[in-house]
Amino acid sequence: MNMLEAVADPAVRLTWPNRFRTLGEAFFTALPAESLPDPHWVATSPDCAALLGLPIDWATRPDLNALDVFSGNDDWPGMQPLASVYSGHQFGVWAGQLGDGRALWLGEMNTPAGPMEIQLKGAGRTPYSRMGDGRAVLRSSIREFLGSEAMHGLGIPTTRALCVTGSALPVRRETIETAAVVTRAAPSFIRFGHFEHFAHHAVFEREGHAELRALADFVIAHHYPACRDAANPYVALLEQVTLRSAALMADWQSVGFCHGVMNTDNMSILGLTIDYGPFGFLDQFDPGHICNHSDSQGRYAWARQPNIGFWNLHALAQGLMPLIEDSDLALAALESYKTAFADALLTRWRAKLGLQAREDADRELVDDLLRLMAADRCDFTITFRRLAGFSSAAGAANDAIRDMFVDRAAFDAWAQRYAERLARESSIDANTSTARALRMNRVNPKFILRNHQAEVAIRDAQAGDFTETQRLLKVLQQPFDEQDAAASTAYAGFPPEWAQSIEVSCSS
Ligand code: AMP
Ligand code: MG
């Protein structure tokens, strides 16, 4: 009987099916984590722990030894750590084998939410680390932790984060920083780059495509079972991944999220947001905003993300071609992106404007608003949130929203069209407690993870105080709620001047 079966609490009798391991050794190298000296807790996500079915006191129970387990110093029975191998295109260029150089897969755990893979990010070198140290720094680990849990709070598909642990272990980046480990959870961490890896290497070595087929069959069997019955299951898989990716891109655009490094190795086969590096949420609206300081060409600028998502799907299709065989079928599957993305995006914009009916001119109404917001550099989140208070009554001042714009006349002209549009679907109530406002407040968040907020939490954490990280997590888990006055004052206002000078790069 293992330790976890021996404990009285049935909630911690964990079982580990570890299905990814059944793919065989071409897909990974089994190895333990490097130990992290003298670890301490940085942050935990009670919400993620609940998802995994862990008991409330999971982090502090002596019998679970979670601090050491999630720092890489110990393991729970059933965990079978490994590093998986993948390749990818970085900034549009084939980069060959990339990883996984610092994410260690601990295993796949049966949870109330179904099987969930658990990973440590920053647990030391693997055979795929290339020149890297396999470590992650405290700064980027807190950003990933808060970013993924905030994204979940917004209702957007994402990998989850259970906890961050830290250590005094020095890690060299531009300066010397300290090491941290993030524990992440997802139904699967398989990326587009896994498919590209086995497609490329099989062609190169003229070995056939046994591994590629095994990988595709694995993903279909466990994550896209409906594709099995299609005439060509691999085309069906491509189409389903295309649809999920299209929906994800629409989700990102609708909350002003910038991923920052949309390389194909950072694209999830499940359509999850994955690998939070130099990401950011827009403050002032600028469609050309580049959140990654290392992205000098702006390949991954906010407005380009949907096209890059499509580009990345072509790379996936290329990887699947040996199985699909017929390029017309692959192209047809990819083609579904165009309407799926456009429909998904327009649906989200309509919801953000509180519109329930569909009119042909809605796209124009949205585009014109976005154009005004861009011209006046309006705060993306605050502008949409304030829109819930819009009154379509004749002569209504709508000062709270109007004040967001420099060009008041242009806003007034738009507001007139918006009021007429609302009237056409009989949505004429002026009061913020109306059904329309309530609906809008469920899609236009009051709280998002702004760079400067993460920065404050990181500075405190670097000084040994983790309370701000935990406080911010709590706020970001309920981003649509009004919350109390203290949270509103601290987190829902305009960013300070210094927020604009924050630079986030690939270095993590
Ligand atoms: P990223 O651009 O962060 O997605 O990194 C691409 C790949 O490089 C990752 O999947 C890792 O395998 C590898 N990598 C990044 N940083 C490190 C590091 N510090 N040590 C080892 N490998 C790394
Ligand atoms: Mg990555």
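Note that this is a predicted model, so its numbers are computed, not measured. All ligand and atom numbering here is 1-based and tracks the order in the structure.
- Side-chain atoms of Y337 and N307 form no donor-acceptor pair, as typed in the model, at a separation below 3.5 Å.
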I'd like a table of the close N/O pairs between ligand 1 and the protein (anything under 3.5 Å), one pair per line with both atom names and the distance.
residue  : atom   : partner : partner atom : Å
ligand 1 : 4 (O)  : N266    : OD1          : 3.0
ligand 1 : 4 (O)  : N266    : ND2          : 3.2
ligand 1 : 8 (O)  : R130    : NH2          : 3.0
ligand 1 : 10 (O) : Y86     : OH           : 2.3
ligand 1 : 12 (O) : L98     : O            : 2.9
ligand 1 : 12 (O) : G101    : N            : 2.5
ligand 1 : 16 (N) : R102    : NE           : 3.3
ligand 1 : 19 (N) : D133    : OD1          : 3.0
ligand 1 : 19 (N) : R135    : O            : 3.4
ligand 1 : 19 (N) : R173    : NH2          : 3.4
ligand 1 : 20 (N) : D133    : N            : 3.3
ligand 1 : 20 (N) : G134    : N            : 2.7

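- Salt bridge status for R471 with D460: absent, with no side-chain N to carboxylate O gap under 4.0 Å.
- Ring-plane geometry between W498 and H452 is classed as perpendicular, the angle between the planes exceeding 60 degrees on a 0 to 90 degree scale with a lower cut at 30.
- Ring centers of W41 and W58: under 6.0 Å apart, within the cut-off.
- Residue-and-atom listing of protein N/O/S atoms under 2.8 Å from the Mg ion (ligand 2), sorted by chain and number: N266 OD1, D275 OD2.
- The pair D275-R184 meets the salt-bridge criterion, since a charged nitrogen lies less than 4.0 angstrom from a carboxylate oxygen.
- Between F384 and W349, the angle of the ring planes stays under 30°, which puts this pair in the parallel group of the 30/60° scheme.
- In summary, the aromatic rings of H314 and F310 are positioned with their centroids under 6.0 Å apart.
- Ion pairing of D251 with R244 is absent here, as no side-chain N (NZ or NE/NH1/NH2) approaches a carboxylate O to less than 4.0 Å.
- A donor-acceptor contact closer than 3.5 angstrom links the side chains of Y276 and T158.
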